[in-house]
Every structure is written in C-alpha cells, then in structure tokens.
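Keep in mind that the numbers below use all heavy atoms, side chains included, and drop hydrogens, waters and symmetry copies.
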Amino acid sequence: LDRMLAAGQLHARHLVAFAEMIAAQHQRAAPAEAGTPYGRPDAVIDPALDNFLQLSVLVKGTGHEPQLAKLEQWTREACEVLQPVFRQRKADGFIRECHGDVHLANMAWLDGQPLLFDCIEFNENFRWIDVVNEIAFLAMDLDDREQNELGWIFLNRYLHETGDYRGVSLLNFYKTYRAMVRAKVTGLRLAQDDLDATQRQRTEHLFRSYLDLAEKYILSDAVSLIITHGLSGSGKSTFASQLASLAGCIHLRSDLERKRLHGLAATADSESPVAGGIYSASAFAETYTRLRDLADVVLRSGQRVIVDATFIRRRQRRLFSQLAEELSVPLVILDFPLAAEELRRRIELRAASANGDASEAGLEVLEYQLEQQEPLTAAEQQHVITIHPDSTAESVVDTLRELVEESAL
C-alpha cells in the first residue's frame, strides 16, 4: 500500500476493506487469558518508557532534547492516569493475538482483496496487544504520510464494525507510542555509519517527522460535540461521514448503535413496525442514552465527535446540550432542512437501490417523523450550521472551526 500511495492509487475503499477485515480478525481472535502477562499495565508501560531511555542517547547534542523531555513527561503522566484503563481492557478481553506490525508497507491489495503480511512472529509480547494499539499504528502511519483523511476513514469504519468506542480513550496514547517506536528505529538507523549523504538527510527528516507527529498527538486540540438534526433521507449520515474524515472526528451512528444494542447486524432487517420493536419509545430512549454515554467517553478522551441521529425531539437534543455544558465543550448542531417532497423522493430512491445501509427508514417512518418533529428552539439556533443540498464537507470544516473558536472565547 505504501507503493500504491506513492503512485496515487490508494483510495478510501481500500482502507474501508482493511478496516472490515482487521475488525473481523480481531473479533475472531481469542482474548489473552487472565494469568498471562500480556496487556498488564507493566507490559504496556515498560516498552513505552524504554523508547525514551534509548532515544535519550540517540538525540544527545542534536537539539531535540527539550522535545524528547516533553514527550517523556507526557508519556509518564499518561501511563499513571491510564493504568486502570489498561487493567480494564485486559479484564474486558481486548488484549488479543494481533498482527503486531500493521502499517502500509505490510499491507497489500492482491486480486482485488486486502491482505496483511509479515506479522510479528518472533516476540509474543509484540503480538498479544490491545486491539487499539494495532489500529493506532496504521492511523499513525497514515498521519505521518499526510493522509489524515484516510486514517479517519479507516478508524471510523473499524469502530463501526466493532463498537469499541471505549478503546478510543487509548488512541492518542498508542498513536504517540507508535510514533516514538518509529523515531527510535529511525534514530538507530541514523547512528549507523553506512549512510551516504542523501540517505542521511532523508533519515534525519523522518526522525524529526516522527518526533513532531508524537508532539502533535500530546497537544490538546479543540474538542467539540457535533450533533445532526434532520429527518430520514436528508443526507445527514453521508455528510457526517465525510465531515468526520475531514475534521478528524469519531462518527457515532444511531442506526448502528440501535441495532448493536439489540444484537442485530448493521444491515439486518429488524422487521420492526413504525414506533415499535427496536423503534419503540423505550428503545429510542435507550439508543440516545447509549449515544450520549459513548460521546462522553470520546470527548473525555480528547477527541471530537459527531453524533449522527435525527434528533427530532427536544429531550434528545437536551441530553447532548447538557453533556456539552458538563464537559465545557462547544456544541454544534448540523441542521439539514429539506422539503417533505424531496425527502420522500430520496427515500424511494434509497429503497430502490438496495444499498445495504443500516437505516431501515421508509416512507411510513418519514411520515411519522414529520408528525413528531419538534423544531429547534431559538437557543438551539445559536449553535446551528445549516447544511444545504449544495453544501460541501470541505466548506463546513472552516465554518465549524470558526464556530468552535467563537464558543471558546
């Protein structure tokens, strides 16, 4: 895939396929047994700190000492804070036998299918890891190659498949760890005498890039809570997905989480009537409570989040405005106003296409939503970005940034 990227042939569909494949492999893999050392806090912390021990020798006299000291301090503090999380992840079965070395150069697109190769076989400690550690390596590799959008496409598709949103609390820790491993390996290469001038210059650039990337991960970005507001057929899920990859957000979908709560596959037909089954009032309340809890976890992890649901009732929106107030983060409402006639046309087209989407909303559901919807209040309108049919995710990224900056003042 590294060669495909260099040739301009690596696209979103490839990363989606790998996300689905890796998610399936992780879910099939047996978790590490309780008595094994894999995934224990010391098994996670010791390698992370060992990177700095080796790097301190490699950066001596290079001017990188202050940067390395900042990264080490952050890592030590994160290790202390995250110890209970490491223990819980092991107890919950998220330490599994993984590939251990998932980055673009160990991935291939063969005969139209995703393929991983060159897994780590020589050290079980490198292979029996948290599944988030595994996906963080690829995300970091894509970030380093300035392919952030592909990285977020991969991450969100993986999370849609697995539902492991609580693992997001470790995402920046493991991204930083993987960047520091790469910095160490590159630093060791720099210490060798067999590099010519061109090779040395290229390797020095790589070394700096990994340190800079790790530093970026430890700096707090402006976190925001984004929710959608629109009826079925308004295009909110497609738009939210595009915006999530461009703005670097975790994308939570009500259609997926509702079915996950009821043990259904994303594309399964629940055979629920309008306002019944998994769409009953109690099921709706349960779904929005779950979305709220997951958004809370993501925001406390220092990540932006887009919660993709209709949000036609004020009490549903209030759950999230209260969360934003509790965490002191900006709330943004993406409003998708569309005439009923156009919504009906779109839903009929979607039904005819049989595209396997998680949404089950048909015309009956739409008519019910039209009756039940409660307009945004004047107070809510202050947080709105209106999404028109010709709006692009690229243009909204800038508007979103401005709105969040204004809210922070």
- Message: Considering only residues two or more places apart or on different chains, which pairs with a residue in residues 97-123 satisfy salt bridge (Lys or Arg N to Asp or Glu O under 4.0 Å)?
- Response: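 Found Glu97-Arg127.
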
Given side chains that start at C-beta, do those of [X] and [Y] come closer than 4.5 Å, heavy atoms only?
X: Ile22; Y: Arg157; value: no
X: Lys175; Y: Asp143; value: yes
X: Thr310; Y: Lys236; value: yes

Using a strict 4.0 Å threshold on nitrogen-to-oxygen distance, state whether [X] and [Y] make a salt bridge.
X: Arg401; Y: Asp398; result: yes
X: Arg346; Y: Glu342; result: yes
X: Lys259; Y: Asp255; result: no
X: Lys216; Y: Asp212; result: no
X: Arg76; Y: Glu80; result: no
X: Glu367; Y: Arg344; result: yes
X: Asp141; Y: Arg145; result: yes
X: Asp164; Y: Arg89; result: yes

Spell out, as yes or no, whether a donor-acceptor pair under 3.5 Å connects the side chain of [X] to the backbone of [Y].
X: Arg96; Y: Ala29; result: yes
X: Arg304; Y: Ala247; result: yes
X: Thr176; Y: Tyr217; result: no
X: Glu161; Y: Ala19; result: no
X: Thr287; Y: Arg258; result: no
X: Ser241; Y: Thr238; result: no
X: His64; Y: Val59; result: no
X: His99; Y: Phe117; result: yes
X: Glu374; Y: Arg313; result: no
X: His251; Y: Leu243; result: no

- Query: Roughly how far, to the nearest 0.5 Å, is CG of Leu252 from CG of Leu159?
  - Reply: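 Here the interatomic distance stands at 8.5 Å.
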
- Can you see which heavy atom on Leu58 is nearest to which on Ala191, and at what distance?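 Leu58 and Ala191 have their closest heavy atoms at CD2-CB, 4.2 Å.
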
- Query: Of all heavy-atom pairs between Pro84 and Val81, which one has the smallest distance, and what is that distance?
  - Reply: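 Here Pro84 and Val81 meet closest at CD-O, 3.3 Å.
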
Would you find more than 12 non-hydrogen atoms of other residues, nucleotides or ligands less than 6.0 Å from [X] atom [atom1]?
X: Arg314; atom1: CZ; result: yes
X: Glu65; atom1: CD; result: yes
X: Gln199; atom1: CD; result: yes

- Task: Kindly say whether the aromatic ring centers of Phe336 and Phe239 come within a distance under 6.0 Å.
- Result: yes

- Query: Taking the six-membered ring for Trp, is the centroid-to-centroid distance between Phe137 and His103 below 6.0 Å?
  - Reply: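 Yes, ring centres under 6.0 Å apart.
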
- Would you check, one step at a time, whether the test ring pair (Phe, Tyr, Trp, His ring centres under 6.0 Å) holds for Phe94 with His26? CA-CA 9 Å; Phe94 288 103; His26 284 174; over 10 Å; no

- Name the orientation class of the two ring planes belonging to Phe284 and Tyr288 (parallel below 30°, tilted from 30 to 60°, perpendicular beyond 60°). parallel

- Task: Hey, can you tell me if His11 and His14 have their rings parallel, tilted or perpendicular (30° and 60° cut-offs)?
- Result: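 Rings of His11 and His14: parallel, under 30°.
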
[X]-[Y] side chain donor-acceptor pair, cut-off 3.5 Å:
X: Gln369; Y: Ser232; value: yes
X: Ser209; Y: Asp144; value: yes
X: Thr386; Y: Asp335; value: no

- Message: The test is ring pair (Phe, Tyr, Trp, His ring centres under 6.0 Å); show your working for Phe320 and Phe311 and say whether it passes.
- Response: CA-CA 10 Å; Phe320 289 81; Phe311 282 101; 5.1 Å; yes

- Report the C-alpha separation of Glu257 and Arg260 in whole Å, then their side-chain angles, then the decisive distance to 0.1 Å, and conclude whether the side chain to side chain contact (heavy atoms under 4.5 Å, CB included) test is met. CA-CA 5 Å; Glu257 297 313 309; Arg260 207 186 313 273; 2.9 Å; yes

